Amino acid sequence: MNQINGRQATCLLLVVLSGWSLTMTAANGRDGWIVLAIACFFSLLFTAFCCLPSERLPAVCWFDLPATAFGNGFGSVYLLLLAALAFWSCNMSILSSVIFLRTVSGGEWPIWLLTAAVLFCAACAAQNGIQKLVLWTEPVIWVVIIALAASLLLSWRQLDWTQLFPVLENGWDGIPFRAYVLLSVPFGEVFYAAAVLGNTGTQIRTGLLRACVLAGVLLCLLYIRNICLLGQNGANAVLYPSYTAASVLEFGESFQRGEVLISGSLIVCAIARIALILEFLSGCLQAATGHGSEKRIIWIAVVLAGILCVLFAGSNQAFAYAQELYQILFLPIALIAAAVLFFGVYLKTKQ
């Protein structure tokens, strides 16, 4: 098995986290970049904690750690519960991508076709294992970074910096909760990356921490750009400020429809996010049941997720409520799962 290094881990997680800018709203007002910065800081602590079990037993695959720490019975239950969590995350990721595509296309494409396209690409990216997914994201990250950097630079002369003031107009009221929500999603999903990449190479923790910092900086810059370009009221009035901001850029007659370039690269990020979650889901089910190949599990999960998404992708408002619930609940579940595994492994190694 080829070893994965810290740079490759950074590429994978940075691609996954960058996709959040596609559906990032301006609900946190002009102080949203501060909320993002706080969430990014605490994500470093969460990431380091998620990496501890694998570092404690570096010779054991992460998906074999629960059986090693708790025995086959409880270990299988633990993995099945995490597989259910991953399936929930997968559905939320698919729905966010499909609803975005359907909204920006004016509703011309049927939901089932968009869902099938997104899932087919994600399954193809995931079916050959984490090593191939990591290799796939290495060139992709440069496409994403260049597209987003070009968007930021081209919008520079149109920015109205006064839209950022007054900073903290309402003080710190509500900031902790909003930071918690963003720490939960997108940053909390580093839990999946830490698990899938655990015991696959060296300096994985360093690579994941670097990706969190870079993603935090990138998301903060994009948030500031959206507020300064669209204004606080304008950014709040649209569903996808990053897409709208790219559509109003003025950079001459030679290049039009800049939002297509931006949204195209970020859709690839969303596909990488779904592929990572599918990798985690297949690893949990394989280790828990001892049956089924990785490809078969992934394609079965894709079919089930596709059916659910087609049934529930009809309402943007219903999805917004579901997304809010997911953001509130994901972090404590992931934190408890990481803590239970760490203390189980710690006690096992102490013995």
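All values reported here derive from a predicted model rather than from experimental measurement.
V302 is not listed as a side-chain neighbour of F120, based on a closest heavy-atom distance of 4.5 Å or more.
A single hydrophobic cluster is seen to contain both F165 and L36, as judged by linkage of ILVMFWY side chains at heavy-atom distances under 4.5 Å, directly or through other members. Grouping the Ile, Leu, Val, Met, Phe, Trp and Tyr side chains by contacts below 4.5 angstrom, directly or via other members, places Y321 apart from M24. Cluster membership check: V143 does not share its hydrophobic cluster with L219, using side-chain heavy-atom separations under 4.5 Å among Ile, Leu, Val, Met, Phe, Trp and Tyr. In this structure, I146 is not a member of the same hydrophobic cluster as L221, with clusters built from ILVMFWY side-chain heavy atoms closer than 4.5 Å. Linking Ile, Leu, Val, Met, Phe, Trp and Tyr residues whenever their side-chain heavy atoms come within less than 4.5 Å leaves W161 and L153 in two separate clusters.
Annotation: the span from N28 atom CG to Y223 atom OH amounts to 5.0 Å, rounded to 0.5 Å. Between the CG atom of L44 and the CG atom of L208 there is a distance of 11.0 Å, given to the nearest 0.5 Å. To the nearest 0.5 angstrom, L209 atom CG is 11.5 Å from I204 atom CD1. Remark: I271 CD1 to L266 CG distance equals 11.5 Å, nearest 0.5 Å. Distance check, rounded to the nearest 0.5 Å: CD1 of I298 to CG of L281 gives 8.0 Å. Expressed to the nearest 0.5 Å, how far OH of Y180 lies from CG of L331 amounts to 5.0 Å.
Atom CH2 of W136 has more than 12 neighbouring heavy atoms from other residues, nucleotides or ligands inside a 6.0 Å radius. Shown here is F49, whose CZ atom has more than 12 heavy atoms of other residues, nucleotides or ligands within 6.0 Å. For CD of E138, the number of neighbouring non-hydrogen atoms (other residues, nucleotides, ligands) closer than 6.0 Å is greater than 12. For F319, the CZ atom counts as densely surrounded, since its 6.0 Å shell holds more than 12 non-hydrogen atoms of other residues, nucleotides or ligands.
In the hydrophobic clustering (ILVMFWY side chains linked at under 4.5 Å, chained through shared members), V77 is joined by L81.
In terms of modelled atom types and a separation under 3.5 Å, the side chain of S21 and the main chain of S18 share a donor-acceptor contact. A donor-acceptor pair is defined here as one N or O able to donate and one able to accept, closer than 3.5 Å; such a pair exists between the side chain of S43 and the backbone of C40.
Between F100 and Y240, the distance from one ring center to the other falls under 6.0 angstrom.
Among S89, S184, S93, S96, the single residue meeting the side chain to side chain donor-acceptor pair (under 3.5 Å) criterion with Y326 is S89. Of the residues W88, F330, W62, the one that meets the ring pair (Phe, Tyr, Trp, His ring centres under 6.0 Å) test with Y192 is F330.
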